Amino acid sequence: MEPVAIIFHNIQIYWSHIIAVLTAAVWFFSVLAFASAAKIRTGAVVLLPVLAGALSFVLSRLLYWYTAAESYADIKTALTDPDPFAFNVTGVIAGGVLAALFIRLIRLEKRLPALFDALAVPAAAGIGLHSLVFFFGEGFKGNMMITDPAVTGSVFATALTDSRGNITYRLSSFFVCFLCMILIAVITSLIFFIRKEKDGTAAGVFLLLYSSSQFIIDSTRYDSGYFSFNGFVSIIQIFSGVCILGITIYYYICGIMRKIHRVGMTVLFILQILAMGAAGYLEYLVQRHGDRASGIYLYMTAACVLMVILPCVMGTFSRMKPETAKET
């Protein structure tokens, strides 16, 4: 049972609630800071974190309710549940995108790429920090048991007790997510401040890194959420694949329309499709052969690294001037 952090009269506040509130505060003020740094209009700077926060909460809670409808009497109960563990991280990204699109639609800020860049670093930091609430919950743990004493005594393993009182150790997938997302926040913040032009590069790199890392991390979980029509690939993995494919197609079209390295861009595009196919096949293998998971995840990591590098190379080529591209 989760320990109580603060008791005030009849009110009990748990550590997970404190982490969730602090995470929300960090995310909110980070959006304000990065939106200001991107020189977004004042009205949009104020509206962006409010609208993105509200949409992200609702969508992430609705997705969680969709995958755990039996836990709630109705949608209203799901939306008003104070449980910080009840969310699907896909809704966080979707909420930010919809908020930026709405602000662009009402012309409060015309630079949509700048809005996306302003949300990239806070999203990475927020997702990473919020994953720490699972220090105090049973969710977001690996589906494979860990027996190596060198790992079971570290923060990368969590002890779980079953109904019979048996203790097993599982991978702390939430902590791996925390480390990955903080690293992604550092990388995207460097891109954000190094590139003077806010053209969506930071947001694109964030989505690639986020999607590739989550494809693997979510594969390790025993409590992933699935669509009713598909019990093989999780919602987060499908969302990750769509993001990676969408960015790849965007850069490919940009390069082809600008007549830059058409053959090279086509080769890179085909390699990206092969890398995504390999990642999907490896996900199938790891579900069928759990005893070989460590080796399979190594290959999956290599495929996911390619899924980040190839679109980045395509994006670099697509920004070249046609004259420069012909010389290379």
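Positions are given from 1 along the sequence. This is a predicted model, so every value here is computed, not measured.
Residue Tyr299 qualifies as open at atom OH: its count of foreign heavy atoms under 6.0 Å is 12 or below. Annotation for Phe135: atom CZ counts as buried by contact number, over 12 foreign heavy atoms lying within 6.0 Å. More than 12 heavy atoms of other residues, nucleotides or ligands shown are found within 6.0 angstrom of CD on Gln287. The local environment of CZ in Phe85 is crowded, with over 12 non-hydrogen atoms from other residues, nucleotides or ligands closer than 6.0 Å. At most 12 non-hydrogen atoms from other residues, nucleotides or ligands lie less than 6.0 angstrom from OH of Tyr284.
Considering CG of Leu268 and CE of Met314, their distance stands at 6.0 Å, rounded to 0.5 Å. Atom CD1 of Ile256 is separated from atom OH of Tyr251 by 15.5 Å, given to the nearest 0.5 angstrom. Distance check: Met307 CE to Met276 CE gives 5.0 Å after rounding to the nearest 0.5 Å. Note that CG of Asp81 is 5.0 Å distant from CZ of Arg61, once rounded to the nearest 0.5 Å. Atom CD1 of Ile247 and atom SG of Cys243 lie 6.5 Å apart (nearest 0.5 Å).
A donor and an acceptor atom, one from each side chain of Tyr252 and Thr266, are located under 3.5 Å apart. In this structure, a donor-acceptor pair under 3.5 Å is present between the side chains of Ser228 and Tyr66. The closest side-chain donor-acceptor pair between Ser71 and Tyr64, if any, does not fall under 3.5 angstrom. Side chains of Gln214 and Ser240: no donor on one and acceptor on the other come within 3.5 Å.
In this structure, the side chains of Tyr250 and Ser318 stay at 4.5 Å or more apart for every pair of heavy atoms. By the 4.5 Å heavy-atom criterion applied to side chains, Tyr226 and Thr67 are not counted as neighbours. In this structure, the side chains of Met181 and Phe206 come closer than 4.5 Å at one or more pairs of heavy atoms. When side chains are defined from C-beta on, Ser212 counts as touching Ile244, because their heavy atoms get closer than 4.5 Å. Residues Lys39 and Arg111 are in side-chain contact: their nearest non-hydrogen atoms beyond the backbone lie under 4.5 Å apart. Counting only heavy atoms from C-beta outward, the side chains of Arg41 and Leu108 never approach each other to under 4.5 Å.
The two residues Thr158 and Ser172 make their nearest non-hydrogen contact at OG1-OG, 2.6 Å. Residues Val4 and Ile7 approach most closely at CG1-CG1, 3.5 Å, considering heavy atoms. The shortest non-hydrogen separation linking Ile19 to Leu129 is CG2-O, 3.8 Å. Thr23 and Gly126 make their closest contact through CG2-O, 3.3 Å (heavy atoms, listed as atom of the first residue, atom of the second, distance). Contact detail for Ala20 and Pro84: the closest heavy-atom pair is CB-CB, 3.9 Å.
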- Message: Using the rule given for side-chain contact (heavy atoms from CB on, under 4.5 Å), can you reason through Val31 versus Leu119, listing the C-alpha separation, both sets of side-chain angles and the distance that settles it, and then say yes or no?
- Response: CA-CA 6 Å; Val31 174; Leu119 288 169; 4.1 Å; yes
- Item | Stepwise side-chain contact (heavy atoms from CB on, under 4.5 Å) check, Leu298 with Ser294 | CA-CA 6 Å; Leu298 181 62; Ser294 57; over 6 Å; no
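In this pair, Tyr14 and His17 present their aromatic rings perpendicular. The plane angle is above 60°, beyond the 30 to 60° band. Using bins of under 30°, 30° to 60° and over 60° for the plane-to-plane angle, the ring pair Phe134/Phe87 lands in the tilted bin.
By the rule that hydrophobic residues join a cluster once side-chain heavy atoms approach within less than 4.5 Å of another member, Val89 and Leu132 end up as members of one cluster. Hydrophobic cluster membership is shared by Ile146 and Leu179, with clusters built from Ile, Leu, Val, Met, Phe, Trp and Tyr side chains linked at under 4.5 angstrom. Residues Leu245 and Phe317 are members of one and the same hydrophobic cluster, defined by side-chain heavy-atom contacts under 4.5 angstrom among Ile, Leu, Val, Met, Phe, Trp and Tyr.
Side-chain contacts under 4.5 Å among hydrophobic residues (ILVMFWY), followed directly or transitively, place Phe34 together with Val121, Phe192, Phe193.
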